[in-house]
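Data block below; observations after.
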There are 2 protein chains.
Amino acid sequence: MLSQTEENYLKALFHLTTERASKSEVGTNELAAALNVKPATANDMLKKLKQKKLINYEKYGKISLTVAGRKQAIEVVRKHRLWETFLYEKFEFTWDEVHEVAEQLEHIHSSKLIEKLDKFLNYPEKDPHGDAIPNAKGEIKIQPGKTLLQVAIGKTCKLVAVRDNSASFLQYVVSVGLGLSCKIRVISRQEFDGTTEIEVNGKKSIVSQKFAENIYVA
Amino acid sequence: MLSQTEENYLKALFHLTTERASKSEVGTNELAAALNVKPATANDMLKKLKQKKLINYEKYGKISLTVAGRKQAIEVVRKHRLWETFLYEKFEFTWDEVHEVAEQLEHIHSSKLIEKLDKFLNYPEKDPHGDAIPNAKGEIKIQPGKTLLQVAIGKTCKLVAVRDNSASFLQYVVSVGLGLSCKIRVISRQEFDGTTEIEVNGKKSIVSQKFAENIYVA
DNA sequence: ATATAAAGTTAGGTTTATCTAACAAATTTA
DNA sequence: TAAATTTGTTAGATAAACCTAACTTTATAT
Ligand SMILES: [Mn+2]
Ligand SMILES: [Mn+2]
Ligand SMILES: [Mn+2]
Ligand SMILES: [Mn+2]
């Protein structure tokens, strides 16, 4: 059985190589940064994960998940998102509170628990942030990738998911009147730095490029 | 914040000194045995817990919980039993399955989660094994201590709780027709070794002294 | 009261996950 | 293409939880 730390490395690799899929491989530094550890620490773990045949990795080369590693990673993501949904729907947690607790709950080992949880929630397909929940077979209904930054001026779109799950970002999102399924109209955008003016339910706000990149829309 | 290991030591101390309260102090060996570690390992932890002012302990002396240590221990016990109740009542776990998963869930840190869990279960007072669940203030409606072994021959009693929480014991209990609140009639008992003959719903069984000591009755 | 046994402690290791500092390889830039 | 920068690796430490083996203290039994 994998340790919590190993599970966190696989999850991070999954996010970096598959979910935010600009590329399907990552480097040591990027992985280390995502996990808030030093590259030397990540390097040690890479050797261990390689030895366990969970990643493809050669010295000085790029890193990717093997089929076995990907399977484990998806299981952790599934648990994380099911727990977030549970906390949100059954225990009145807000969407900026669920992530932190799910980070702990995702490491509970019990297949029966996860099956029952999934059933209890009526087999949800999305978590409170709009992210897809892998099903029991590990299948993911993959979701679009367009962000608010890519929406043309004058167009209206709908918020389908948020990229960042931190409480600070989510509270910021709420403060501009946004939430899942909200309609957003793009009023203007600065060429210079991507600063974007938007309108949500009649309320106008100006948000940064970084903000816009973290809002997925359809 | 305490580590999972520290929490487990405090919980074990609580069980040994307060719940199975033949005595209010324990020794290093007994504690080590309860935690399935070697005395040398327990000794290291005792120094740490003493330094954190969670236990009273002097070299070569007996061990007891401080007020602070007891408070932490009760919180872990509360979480453990609330989770067991949750799994049993909401997720169709059997009473011999809940303990193992609760051993993991008891270490999740989130006061909001526990408050909501308690509320969701409608503030239960007992877990699936009949053990008292401490309330949010840490108060415990203490329960009787009579075991099946102490019931006189010919008398009838009711199972109120089980001492051992292992799957093997609980399955054994079920196999003789027992469960919470079941009526038990004591037919006979051997002076020699405490072997006891009982009748449950018309079904007669012969159980060992060890078995009888692990059944609490009223 | 002493010898034996039991209980408890210490010393010295291991494994996992982390770090810093120094070094090596690969990539970018001039 | 050579220098500079970035990226990645290695060596050597540390802290938490564990272990075994040896030792010390306390309790028990003659
Ligand atoms: Mn999350
Ligand atoms: Mn995690
Ligand atoms: Mn239990
Ligand atoms: Mn535990």
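The sequence lines fix the lettering, A, B, ..., with proteins before strands; numbering per chain opens at 1. Hydrogens, waters and symmetry mates play no part in the numbers below; they use all other heavy atoms, side chains included.
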Tell me: [atom1] of [X] to [atom2] of [N], nearest whole Å?
| X | N | atom1 | atom2 | result |
| --- | --- | --- | --- | --- |
| B/Leu31 | C/dA7 | CG | P | 14 Å |
| A/Asn8 | C/dT16 | CG | C1' | 14 Å |
| A/Tyr60 | D/dT9 | OH | P | 7 Å |
| B/Glu58 | C/dA7 | CD | C1' | 17 Å |
| A/Lys50 | D/dG8 | NZ | P | 16 Å |
| B/Leu10 | D/dA17 | CG | P | 12 Å |
| A/His107 | C/dA17 | NE2 | P | 12 Å |
| B/Leu2 | D/dA15 | CG | P | 19 Å |

Comparing nearest nucleotides in DNA chain C, the 5'-proximal residue of the pair B/Leu46, A/Glu6 is B/Leu46
So does [X] get a side-chain nitrogen or oxygen closer than 4.0 Å to the phosphate oxygens (OP1/OP2) of [N]?
| X | N | result |
| --- | --- | --- |
| A/Lys59 | C/dA24 | no |
| A/Asn43 | D/dT9 | yes |
| A/Lys62 | D/dT7 | no |
| A/Ser3 | C/dA17 | yes |
| B/Tyr57 | C/dT9 | yes |

Do any N or O atoms of the protein come closer than 3.5 Å to N or O atoms of nucleotides 18-20 of chain D, and which pairs are they?
unit_1 : atom_1 : unit_2  : atom_2 : d
D/dC18 : N4     : B/Asp44 : OD2    : 3.3
D/dC19 : OP2    : B/Lys38 : N      : 2.9
D/dC19 : OP2    : B/Thr41 : OG1    : 2.4

Partner of B/Trp83 by side chain to side chain contact (heavy atoms under 4.5 Å, CB included), out of B/Leu117, B/Val98, B/Val101, B/Asp127 = B/Leu117
Under 3.5 Å side-chain donor-acceptor pair for A/Tyr57 and A/Asn43 | yes
If we ignore angles and hydrogens, is there a donor and acceptor under 3.5 Å between the side chains of A/Glu7 and A/His107?
-> yes
Out of C/dT9, D/dT7, C/dA17, minimum distance to the side chain of A/Asn29 belongs to D/dT7
Ignoring the backbone of B/Lys47, work out which of C/dA17, C/dT10, D/dA17 is nearest its side chain.
-> C/dT10
Inspect the contact between [Y] and [X] and indicate whether a charged nitrogen and a carboxylate oxygen are less than 4.0 angstrom apart.
| X | Y | value |
| --- | --- | --- |
| A/Glu58 | A/Lys50 | yes |
| A/Lys52 | A/Glu6 | yes |
| A/Arg163 | A/Asp131 | no |

Does A/Phe86 have its ring centroid less than 6.0 Å away from the ring centroid of A/Phe93?
-> no
